[in-house]
Amino acid sequence: MSEETKSLNFIEHIIENDLKTEISQDKLRFRFPPEPNGYLHIGHTKAIGISFGLGERYNAPVNLRFDDTNPAKEEQEYVDAIKEDVSWLGYHWDKEVYSSDYFQQLFDWAVQLIKDGKAYVDSQSSEAMAEQKGTPTQPGIDGPFRNRTVEENLDLFNRMKAGEFNEGEHILRAKIDMQHVNMLMRDPIIYRILKKSHHRTGDTWCIYPMYDWTHGESDYLEQVSHSLCSLEFKPHRELYDWFLDQLVVEDQVRPKQREFARLNLSYTIMSKRKLLQLVEDGVVNGWDDPRMPTISGLRRRGYTPTAIRKFVETVGVAKRENVIDVSLLEFCIREDLNKTAPRVMAVLDPVKLVITNYPEDKDEWLEAENNQEDDSAGFRQVPFSRELYIERDDFKEQANSKYFRLTLGKEVRLKNAYIIKGESVVKDENGNITEIHVSYDPDTLSGSGTEASLRKVKGTLHWVSIKHAVKAVVREYDRLFMDESPDSHADKSFMDFINPESLKLITAFVEPSLTEAKVGERFQFQRLGYFNVDYDSTSENLIFNKTVGLRDSWAKEKPKTEPNPNQNQPKSNQPQRKAIDVIQQFGKKYTNLPDAKREKIKADILELAEKVSYDELEPLFGTAAKKVGTRIAVMLTLQVLLKNGLERNDAINEFIEKGLADGNALLVAEASEI
RNA sequence: UGGCCCAUGGUGUAACUGGCAACACGUUGGUUUUUGGUACCAAAGAGUCUAGGUUCGAGCCCUAGUGGGCCAACCA
């Protein structure tokens with residue numbers, strides 16, 4: 001890795017620093033350690049992106065480790081799904097490993113802990129233990145079994161392993177300090193009895209290690225150098241280190257846990273438990289429902305690995321709580337699809353258009369460019385005839401000059417075809433438009449190069465030939481939740497914010513080339529958005545998912561669309577700030593400026609000072625001593641005011657005195673001017 | 001009546017050993033355009049939570065406060 005133009009995030013700074021002081025690059029190793037108890041979601045892509053991204057950056061191996069220490073919640077299905085998702089994102093792990101691979105080693109180490117007098121078997125109820133544990137503000141107390149002999153502990157622990165006891169009868173705890181300020185250090189549990197079959201080890205074990213006892217030791221066994229996790233594990237770090245202290249030997253890499261803020265996305269939830277509830281309650285149709293924030297959901301929705309990786313890269317890494325606006329995710333997928341998706345024509349809300357002067361029995365196959373952003377994409381043929389579908393939205397009987405689409409008496413172009421002119425409408429008895437009659441100019445065919453074809457018209461419409469059109473189902477998705485932060489309301493459940501109209505089924509008409517479309521293929525329906533072929537789709541029954549709409553600056557013109565709620569009013573363009581405020585702002589950076597620029601700022605201040613009243617200035621006499629720049633600006637302003645005839649008073653004199661006595665030469669200079 | 005972490009435009013992230021607060025999204029205007037898309041140009045928007053301190057100079061260092069988050073599962 002040579003010089004980077006991009007700045008480093010705080011984790012990269014830590015690693016760069018470690019590289020300088022304590023570890024060589026070939027010892028760098030990372031891991032991504034999901035628990036296989038659910039599907040991966042967009043939040044996980046951040047963790048994945050950090051660890052695998054570091055692996056790519058430093059050419060270091062990254063393990064995919066399944067943290068499977070709780071057989072009650074974990075399943076093979078999730079293991080498979082996680083592997084598929086990580087691969088799909090384009091990351092390559094070094095080893096596929098499981099915490100359960102280390103059960104024997106973990107057990108042996110626990111025995112050692114007992115022998116060292118650092119672990120004991122506790123035989124109380126969980127309630128009793130919770131009682132003794134204290135609270136964050138009150139220390140805990142020692143329990144009655146804390147001082148069992150090594151022999152007794154060993155015997156009990158072995159019998160726990162042998163299956164002699166029921167769940168809950170005994171547990172093994174580390175013997176640390178029940179009075180510790182960190183509650184995790186108050187004799188944490190390291191083994192519990194769980195008479196459950198494990199998805200990998202079956203019934204070999206009936207005692208299972210806890211997270212804290214497993215994680216750092218697994219990192220150590222794999223020689224992970226930097227163990228990155230989210231912020232809520234910060235308090236665990238002390239315990240992580242304590243456990244490591246018990247077994248680390250020299251010349252082995254000692255893993256470091258470091259924590260970053262997890263990703264939150266507006267208008268969605270990120271908790272596996274809650275996501276599971278959406279699946280189980282039938283709110284969505286499975287973990288890969290295109291409305292889900294899961295990786296598999298995004299994949300089915302039409303997102304690309306490129307877009308997701310770009311997104312993760314863009315949101316950055318820090319320790320500050322954050323909520324990323326979905327618009328950034330949408331930007332990332334549009335950016336990718338704009339470059340790669342072939343353009344086609346589809347009409348989602350059809351109205352019939354008849355070209356009255358076009359021969360009834362004529363068909364034409366017109367040339368259409370597949371993707372103007374990609375020269376290699378080539379061309380295809382689309383059929384044209386007398387009767388077409390266009391979007392209902394694209395016609396108005398009359399409209400103002402801001403409407404660029406079809407109206408009576410005005411011309412628009414049909415994409416890849418002719419220029420037409422609105423002539424008349426046919427309505428049913430309720431006044432609904434059933435047909436639009438137009439005439440076309442035969443000399444205006446796209447690409448024909450004739451003078452007429454080069455004529456500028458304001459609008460271009462997409463269309464499909466009714467005779468040739470293919471019916472397709474389009475699934476249009478809206479956000480699943482109507483609240484920006486559905487699971488952060490104390491008084492309401494996230495289920496209260498479910499959007500009942502998050503899925504809309506549309507019968508659309510698409511150009512015939514789409515019968516060839518394969519599952520997963522992505523297209524831009526021109527002027528509408530990006531769509532992909534769902535895996536429920538067949539060539540007889542085409543089904544598309546709407547990935548995301550095109551950016552639509554026209555929609556904002558229309559009054560009925562609600563304003564984006566999380567966008568605030570642009571502040572009035574020239575707020576006309578008060579002179580004193582501007583002076584204060586100038587002052588702030590005054591002392592740090594190069595001479596030339598400082599002179600200019602000084603001149604500006606002196607000019608602005610003409611507009612300042614004494615009442616505005618006086619409060620600033622109390623400016624903190626450290627804000628030298630502001631005090632200089634105030635001094636300059638004062639000079640002007642005095643010159644303009646302001647009477648001196650005690651406050652002014654005192655302020656000048658203090659200026660003269662200051663250590664800053666610039667301030668002293670301006671004070672002496674008076 | 002605790003401990004730890006965090007605080008920079010609307011959002012997110014930068015600013016290396018203190019030295020003219022930058023980039024992206026979003027917003028607004030314009031140019032181009034056979035997609036009201038894309039591309040391009042431009043603009044507005046923060047003086048860095050507050051109060052003190054150190055310093056010639058603080059977003060960055062120190063102190064105190066305020067606000068937010070995390071910590072009391074035989075979950076991870």
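Just so you know, these numbers come straight off a predicted model, no measurement behind them. Values below: all heavy atoms of this structure, side chains included; hydrogens, waters and symmetry mates excluded. Chain letters run A, B, ... following the sequence lines, proteins first, then strands; residues in each count from 1.
Between B:G47 and B:C60, the distance separating the two C1' atoms is 14 Å to the nearest Å. Taking the C1' atom of each, B:U11 and B:C4 are spaced 27 Å apart, rounded to whole Å. With C1' as the reference atom, B:G12 and B:A21 are 16 Å apart, rounded to whole Å. A distance of about 41 Å separates the C1' atoms of B:C5 and B:A42, rounded to the whole Å. Atom C1' of B:A76 sits at a distance of 48 Å from the matching atom of B:C20, rounded to the whole Å. Distance noted for atom P between B:G9 and B:A22: 14 Å (whole Å). Atom name P, nucleotides B:A58 and B:G69: the rounded distance is 32 Å, in whole Å. Distance check on atom P: B:G67 versus B:U28 gives 36 Å, rounded to whole Å.
For B:C75, there is no paired base (Watson-Crick or G-U wobble, both distances below 3.5 Å). Base-pair partner of B:U13: B:A22 (Watson-Crick or G-U wobble, both distances under 3.5 Å). B:U66: Watson-Crick or G-U partner is B:A7, with both key distances under 3.5 Å. Using Watson-Crick or G-U wobble geometry with both donor-acceptor distances under 3.5 Å, B:C61 finds its partner in B:G53. Of the nucleotides present, none pairs with B:U35 by Watson-Crick or G-U wobble criteria with both distances under 3.5 Å.
Counting to the nearest Å, the P atom of B:C74 and the CD atom of A:Glu169 are 16 Å from each other. In this entry the distance linking CE of A:Met183 with C1' of B:U1 reads 14 Å, nearest Å. One interatomic measurement links the two molecules: CG of A:Asp219 to P of B:A76, which rounds to 15 Å at whole-angstrom precision. At whole-Å resolution of the value, CE in A:Met160 and P in B:C74 are 13 Å apart. What separates CD of A:Glu16 from P of B:U17 is a distance of 12 Å, to the nearest Å. As rounded to whole Å, 10 Å separates atom C1' of B:U35 from atom CG of A:Leu461. When the P atom of B:A72 is taken as reference, atom CG of A:Leu184 falls 7 Å away, rounded to whole Å. One interatomic measurement links the two molecules: CG of A:Asn370 to C1' of B:U35, which rounds to 14 Å at whole-angstrom precision.
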Legend entry - Full working for side chain to side chain donor-acceptor pair (under 3.5 Å) between A:Asn182 and A:Glu238: CA-CA 8 Å; A:Asn182 183 347; A:Glu238 195 169 17; 2.9 Å; yes
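Considering only side-chain atoms of A:Glu321, the nucleotide from B:G69, B:A72, B:G36 that sits closest is B:G69. Checking B:C70, B:U35, B:G37 against the side-chain heavy atoms of A:Glu232 singles out B:C70 as nearest. Distances were taken from every side-chain heavy atom of A:Ile189 (C-beta onward) to each of B:G19, B:C74, B:C71; the shortest belongs to B:C74. Proximity note for A:Phe404 (side chain, C-beta onward) versus B:G36, B:C25, B:A76: the nearest is B:G36. You'll find that the side chain of A:Met210 is closest to B:C74, out of B:G36, B:C74, B:C70. Of the listed nucleotides (B:C74, B:A21, B:G36), B:A21 has the atom at the smallest distance from the side chain of A:Lys589. Comparing B:C5, B:A76, B:C75 by their closest approach to the side chain of A:Lys319 singles out B:C5. Picking from B:A76, B:G37, B:C71 the nucleotide with the shortest atom distance to the side chain of A:Asn338 gives B:G37. Of the candidate nucleotides B:G37, B:A76, B:G19, B:G37 has the atom lying nearest to any side-chain atom of A:Arg343. Listed nucleotides B:A76, B:C4, B:G36 differ in distance to A:Lys234; the shortest reach to its side chain belongs to B:C4.
Heavy atoms of A:Lys46 sit nowhere under 4.0 angstrom from any nucleic acid atom. Residue A:Gln372 is classed as a base contact, given a heavy-atom separation below 4.0 Å to a base. Within 4.0 Å of A:Ser327, counting heavy atoms only, lie sugar-phosphate atoms of the nucleic acid but no base atom. Note on A:Thr214: nothing from the nucleic acid sits closer than 4.0 angstrom, heavy atoms only. At the heavy-atom level, A:Val457 lies nowhere under 4.0 Å from the strands shown. When heavy atoms are screened at a 4.0 angstrom cut-off, A:His462 is found touching no nucleic acid atom at all. No engagement by A:Leu231 is indicated, since no non-hydrogen atom pair under 4.0 Å with the nucleic acid exists. Counting any heavy atom pair closer than 4.0 Å across all strands shown, A:Ala665 reaches no nucleic acid atom.
Seen from the ring of A:Trp205, A:Lys161 counts as a face-on cation partner, given the 6.0 Å and 45° thresholds.
Using a cut-off of 4.0 Å between Lys/Arg side-chain N and Asp/Glu carboxylate O, A:Glu670 and A:Arg631 are scored as not salt-bridged. In summary, A:Asp604 and A:Lys600 engage in a salt bridge, as defined by a charged side-chain N under 4.0 Å from a carboxylate O. Using a cutoff of 4.0 Å between basic side-chain nitrogens and carboxylate oxygens, A:Arg527 and A:Asp394 are scored as salt-bridged.
A side-chain N or O of A:Gln124 and one of A:Gln132 form a donor-acceptor pair less than 3.5 Å apart.
The phosphate of B:G36 (OP1 or OP2) has a side-chain N or O of A:Arg527 nearer than 4.0 angstrom. In this model, the phosphate group of B:G2 is not approached by any side-chain N or O of A:Arg186 to a distance below 4.0 Å at OP1 or OP2. The shortest distance between the side-chain N/O atoms of A:Thr135 and the OP1/OP2 oxygens of B:G2 is not below 4.0 Å. Of the side-chain N and O atoms in A:Arg192, one or more sit less than 4.0 angstrom from OP1 or OP2 of B:C75. OP1 or OP2 of B:U38 lies within a sub-4.0 Å distance of a side-chain N or O belonging to A:Arg551. Put simply, A:Thr460 has no side-chain N or O that comes within less than 4.0 Å of OP1 or OP2 on B:U33.
A:Tyr191 pairs in a ring-ring contact (aromatic ring centres under 6.0 Å, His included) with only one of the listed residues (A:Phe157, A:Phe103, A:Tyr208), which is A:Phe157. Test A:Asn370, A:Asn371, A:Asn416 against A:Arg343 for side-chain hydrogen bond (donor to acceptor under 3.5 Å, both in side chains) and you get one pass: A:Asn371.
Checking A:Val323 against A:Glu35, the closest nucleotide of RNA chain B that is more toward the 5' end is the one next to A:Val323. Closest-nucleotide positions on RNA chain B for A:Phe10 and A:Asn37 were compared, and the one nearer the 5' end corresponds to A:Phe10.
With ring centers used as reference points, A:Phe10 lies 6.0 Å or more from A:His13.
In the interface, the side chain of A:Gln524 is paired with the base of B:U35 through a donor and an acceptor atom under 3.5 Å apart.
Nucleotide B:G47 is shown with a syn base, its glycosidic torsion being within 90° of 0.
By the 5.5 Å and 30° criteria, A:Trp554 is stacked with the base of B:G36.
Considering only heavy atoms from C-beta on, A:Leu348 comes within 4.5 Å of A:Leu528 through its side chain.
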